[in-house]
Number of protein chains: 2
Amino acid sequence: MDEETDGILQNRPAPRDLDAIDRRILGVLVDDATISYAELGDRVGLSPPAAHERVKRLRRSGAIRNTVAIIDPRAVKKPLLAFVHIDTRGWGKTPELMAVSQYPEVEEIHTVAGDTCMLLKVRTEDTRALEGLLARLYETPGVTSTRSYVVLSTYLERPVQPGITETWPTPKHMAEPLY
Amino acid sequence: MDEETDGILQNRPAPRDLDAIDRRILGVLVDDATISYAELGDRVGLSPPAAHERVKRLRRSGAIRNTVAIIDPRAVKKPLLAFVHIDTRGWGKTPELMAVSQYPEVEEIHTVAGDTCMLLKVRTEDTRALEGLLARLYETPGVTSTRSYVVLSTYLERPVQPGITETWPTPKHMAEPLY
DNA sequence: ATAATGGCCGTATTCAATTCAGCGGAGAAC
DNA sequence: GTTCTCCGCTGAATTGAATACGGCCATTAT
């Protein structure tokens, strides 16, 4: 519906403040966005139209960026996950970064506080393809070194970015926070 | 709808082989799962019920793990992203791991090939909360050291795991693979 | 005090999801 | 080569959810 054409996070306005119901809605939709508005309203204590109105507002405001399917990597035969650490001293402006962000293997790009590196999460068919990707990255202007961790097995890969505290069950030993 | 109660990826059967249409469907739903089956059928060349049947099968087979909303981290005030590298020499069996996977801050857990560490992607309110999380992790039985990269700014954080080659535009300079 | 606003509810309508019956092609058995 | 079986597709029919609307209530501003 709403065209999410931007692969790169451009400077969107920060979403406005949310109340408790909004946060509970996000907590529900982060786990499962296929439920009906009737079900959603049930869980957060609203009528279906009210729940719908809230969700529309959350979409408009940008709090809900998108709604997507989470795919099992094995289904598409891209099982090899790696974290690549590239040194970017001498990195220019953004055009090369935007090119990297178009690589199909690159799922995430992060800069690191107090360091001159970027951290990429990548997924490839096999080690051979990873080597090729590293070679391409190393040829990218501004990249002066690369280093990669290959991930053997993934236990947990939550599809979404934020953990919303209210909606996650807290294990018993965490009831008393240490700080 | 389908109860996705398992936070940890247990040993599910690997999804069966997919044909070209299945992969195109995944490619569409990975970008936007809010479209109607009529629209989906249009894009992949099927009638609405056929597209629906395919998607149901993909869900049943596990190729589509889940369908979720992607939340803007700023909306829930959990902006600090970090990668935590914990040494797990002496790590026991799985119960402690399962506890870690319940921490609301922990979004991903990976093991690393040829190493004795695990790599966690975590998101917290601020550095203070990160410190607290690191302290809790360090107290977890089996964890012998922790080290963390704090991510300052995120350029690209694709919501989904696999890059499906056919559905991503290939930049011109990548037309000739180097390997 | 009163008007205006915003958010909710219940109902009504529209549109999509889902079911079903029937068709047709691919492959197996013979 | 022929026939049978199975699987997946289509198109129409039905169910059910998404959406629009009118009215109510609480809060705030004038």
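Naming convention: chains lettered A, B, ... in sequence-line order (proteins, then strands); numbering from 1 in each chain. None of the values given here were measured: they were computed from a predicted structure.
Proximity of D19(A) to R54(A): side-chain heavy atoms (C-beta onward) are separated by under 4.5 Å at one or more points. Side-chain contact between L120(A) and I109(A) is present, with at least one heavy-atom pair separated by less than 4.5 Å. A heavy-atom distance below 4.5 Å is not found between the side chains of T144(B) and T88(B).
Using a 4.0 Å cut-off, some side-chain N or O of H52(A) falls inside it from OP1 or OP2 of dT19(D).
Taking the C1' atoms of five terminal pairs at each end of the helix from dA1(C)-dT30(D) to dC30(C)-dG1(D), the two resulting helix axes are inclined by 30°, rounded to 10°.
Computed from coordinates, the R60(A) CZ to dT19(D) C1' distance equals 14 Å when rounded to whole Å. For the pair D22(A) CG and dG7(C) C1', the interatomic distance rounds to 12 Å; values are reported in whole Å. For K56(B) and dG8(D), the NZ to C1' distance is 13 Å, given to the nearest whole Å. Straight-line distance from the CG atom of L40(B) to the P atom of dT18(C): 13 Å, rounded to whole Å. Spacing between atom CZ of R59(B) and atom C1' of dT18(C) amounts to 14 Å, rounded to whole angstrom units. For the pair Y37(B) OH and dC9(D) P, the interatomic distance rounds to 14 Å; values are reported in whole Å.
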For nucleotides 8-12 of chain C, print each protein N/O atom paired with a nucleotide N/O atom at under 3.5 Å, atom names and distance only.
unit_1, atom_1, unit_2, atom_2, d
dC8(C), OP1, R54(A), NE, 3.1
dC8(C), OP1, R54(A), NH2, 2.7
dC9(C), OP2, S47(A), N, 2.6
dC9(C), OP2, S47(A), OG, 2.6

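Residue I70(A) is tested with T67(B), V30(B), N66(B) for a side chain to side chain contact (heavy atoms under 4.5 Å, CB included); the sole match is N66(B).
If you chain together hydrophobic residues whose side chains sit under 4.5 Å apart, Y138(A) and V84(A) never meet in one group.
Atom CG in L137(B) sits 9.0 Å away from atom CG in L130(B) (nearest 0.5 Å).
Nearest approach of T127(B) to L80(B), heavy atoms of both residues: N-CD2, 3.6 Å.
With sequence neighbours left out, E39(B) forms a side chain to side chain donor-acceptor pair (under 3.5 Å) with R43(B).
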